[in-house]
Amino acid sequence: MIPKTLSLTSISPFLLPQFKIPKSHNPGRVTIICKSVNSQPQQQTQPELSVSGPESQGTGAAAPTRGDIFLERQQLLAASSSSSSSSSLVIEKKKKKKKEKTSGSLKVATFCCYGCGAPLQVSEMDAPGYVDPETYELKKKHRQLRTILCGRCRLLSHGHMVTAVGGNGGYAGGKQFVTAEELREKLRHLRHEKALIVKLVDIVDFNGSFLAHVRDLAGANPIILVVTKVDLLPKGTDFNCVGDWVVEATMRKKLNVLSVHLTSSKSLVGITGVVSEIQKEKKGRDVYILGAANVGKSAFINAILKMLSDKDPVAAMARKYKPIQSAVPGTTVGPIQINAFLGGGKVYDTPGVHLHHRQAAVVHSQDLPALAPRSRLRGQSFTKEVVKDQWVSEKTEFNSLTGFSIFWGGLVRIDVLKVLPETCLTFYGPKAVKLHIVPTNKADDFYKKELGGLLTPPSGEQVEEWAGLETARQLRITFDDTQRPACDVAISGLGWITVETVSQALKEPDADVIPDATVISLDVHVPKAVEIFVRPPLPVGKVGGEWYQYRDLTEKEEETRPKWYF
């Protein structure tokens with residue numbers, strides 16, 4: 001039914017369909033806003049609500065995009081939930097006290113920190129979004145609220161470890177502002193929208209950061225898979241092998257992946273290809289950057305803006321107010337809208353999905369930097385020769401790693417139950433987490449004595465509250481080819497161990513070295529909830545390109561298999 005204030009003669013027939021489009025969106029928005037207002041009717045007369053008529057929403061090309069609706073909905077929910085606990089949450093004051101009698105909706109204009117996406121507020125100094133009242137009033141006066149960086153983001157930018165996510169395995173420090181479940185709930189809306197998802201995965205923690213249940217968030221939307229931090233792989237790595245390995249692992253997930261890109265936000269390697277793919281596939285849709293917490297989403301967006309800023313003035317302007325980067329999982333606590341493309345289209349930096357099965361979920365905030373590799377990985381190998389050098393007195397009593405335990409900081413313990421004489425265990429992970437080997441019969445006493453000292457993380461006050469390595473998983477690894485590694489044992493949130501039946505130092509092992517046994521037995525101990533993955537070996541280093549084997553593909557697989565780029 002056409003409103004009485006309009007006449008058919010004043011509307012072009014070509015505009016009639018466009019006039020109905022915003023109307024289909026209004027009921028959903030009205031319902032959400034009205035619930036917030038009705039729950040606190042006394043706030044309707046306060047100067048915290050601004051009234052906007054339907055003309056502000058626009059029609060046709062000026063109609064709000066799905067991304068605008070998504071962002072506004074999240075800001076409204078954040079504002080309404082925060083106002084119930086604190087009456088001093090800062091929102092834009094109402095300019096007109098008299099409500100218009102049109103069919104418009106009440107609109108809460110909430111401004112957020114451009115660094116983390118938290119709603120601005122002036123009451124709680126320890127919570128995200130806090131701004132000094134004088135600064136807020138000054139910025140408000142000059143209409144510059146969108147250029148404010150909150151106090152927490154300023155601390156993060158100077159290296160302070162201030163968390164903001166509670167209820168996720170023991171995060172401490174800062175204000176427990178939002179739970180991991182609430183952050184995940186903010187992203188479930190995407191599965192009902194038409195969007196282009198750019199999903200980020202950390203190559204150092206590929207299995208732990210992959211988001212096994214990404215369908216619950218992305219739905220059937222197409223995905224561009226971006227593998228980050230490839231510059232950390234060992235020197236001499238053949239990226240043709242790595243790209244094929246990633247595609248094979250992705251195919252087993254059965255996702256709607258358009259393409260795979262190996263990138264480095266630090267060196268900008270592969271960023272150009274991702275930008276081209278986004279511009280090709282977005283097709284009028286908004287772009288959402290999705291990934292696990294601390295996987296590098298903000299760094300990736302900054303790399304995109306840096307790449308585009310030379311030729312795109314819109315990206316150059318957006319780069320002045322880019323999201324904050326830090327080693328703290330949960331740096332981004334709300335969706336951040338970024339205008340990144342000259343021809344139109346918006347990019348949304350979303351809160352990281354917090355996963356309870358990663359090591360970052362069980363350590364104190366002060367130990368988080370130790371879990372993030374800062375330089376190129378170099379594998380540390382353990383063979384019987386290494387043990388002989390360290391345990392000279394026991395040289396004559398053993399001929400393999402059997403009977404020894406290897407500690408990876410205070411986070412992982414590996415008991416070697418049964419291996420071949422020439423078995424080699426190579427560890428890939430952050431240098432700050434040190435490795436130590438002791439006989440298994442002395443491992444318990446060594447752990448109790450050195451926890452917080454030689455074995456860190458944990459460190460400091462967390463040692464007294466540390467529950468220990470409560471989960472033990474026995475691995476029985478079978479193999480049929482001594483010329484290539486048997487498998488990788490990946491520790492979620494830390495790194496991986498390559499299990500080689502024969503050390504690569506032996507070019508052509510003698511037949512006497514390889515017995516008939518084809519099973520390797522290991523006991524892996526980790527903190528409760530931390531997950532262990534056994535996967536095909538990742539081909540890294542110079543030797544990785546020598547033993548890696550490409551799988552023969554059928555014609556159907558050739559057509560449906562996503563391409564990878566580097």
Side-chain angles (χ1 to χ4, degrees), residues 65-83 86 89-92 108-122 124 126-131 136 139 144-157 162-166 168 174-190 195 197-198 200 217 286-302 304-305 318-326 328-340 346-354:
T65 64
R66 294 179 180 271
D68 294 332
I69 298 172
F70 166 76
L71 182 66
E72 183 180 6
R73 180 179 291 132
Q74 299 303 328
Q75 292 177 352
L76 290 172
L77 292 175
S80 61
S81 61
S82 299
S83 62
S86 174
L89 176 67
V90 178
I91 55 178
E92 186 67 10
V108 181
T110 305
F111 291 94
C112 298
C113 168
Y114 72 80
C116 66
L120 300 178
Q121 50 92 15
V122 295
E124 300 184 37
D126 295 333
Y130 175 79
V131 182
Y136 176 83
K139 292 291 185 180
Q144 296 178 340
L145 291 177
R146 299 185 186 277
T147 66
I148 292 182
L149 195 66
C150 73
R152 172 177 173 269
C153 286
R154 293 184 183 277
L155 292 175
L156 290 174
S157 63
V162 186
T163 63
V165 179
N168 189 37
K175 182 72 176 179
Q176 303 303 313
F177 181 75
V178 64
T179 66
E181 290 73 19
E182 289 173 339
L183 286 178
R184 192 177 290 107
E185 191 63 30
K186 290 184 177 183
L187 300 176
R188 294 190 187 278
H189 178 67
L190 295 180
I197 306 297
V198 179
L200 270 59
L217 303 176
D286 290 320
V287 180
Y288 295 83
I289 311 299
L290 194 65
N294 214 30
V295 77
K297 295 186 300 298
S298 297
F300 173 73
I301 290 177
N302 293 340
I304 289 180
L305 296 177
R319 195 180 174 196
K320 294 182 179 180
Y321 307 106
K322 56 188 179 182
I324 288 294
Q325 300 175 225
S326 78
V328 178
T331 298
T332 303
V333 298
I336 302 175
Q337 174 183 303
I338 302 170
N339 297 320
K346 297 171 183 176
V347 175
Y348 291 88
D349 185 9
T350 61
V353 180
H354 291 259

[X] side, atom [atom1]; [Y] side, atom [atom2] - distance, nearest 0.5 Å:
| X | Y | atom1 | atom2 | answer |
| --- | --- | --- | --- | --- |
| C153 | I148 | SG | CD1 | 12.0 Å |
| L149 | C113 | CG | SG | 4.5 Å |
| T350 | I301 | OG1 | CD1 | 8.0 Å |
| L190 | Y348 | CG | OH | 10.5 Å |

Test applied, side-chain contact (heavy atoms from CB on, under 4.5 Å); reference residue, Y130; option that passes from Q121, R154, E124:
Q121

I'd like to check the ring pair (Phe, Tyr, Trp, His ring centres under 6.0 Å) partners of Y114; sequence neighbours left out, ordered by chain and number.
Y321

Can you name the nearest heavy-atom pair linking L290 to K297, along with the distance?
C-CD, 3.8 Å

Residue pair L145 / L120: nearest heavy atoms and the distance that separates them:
O-CD1, 3.9 Å

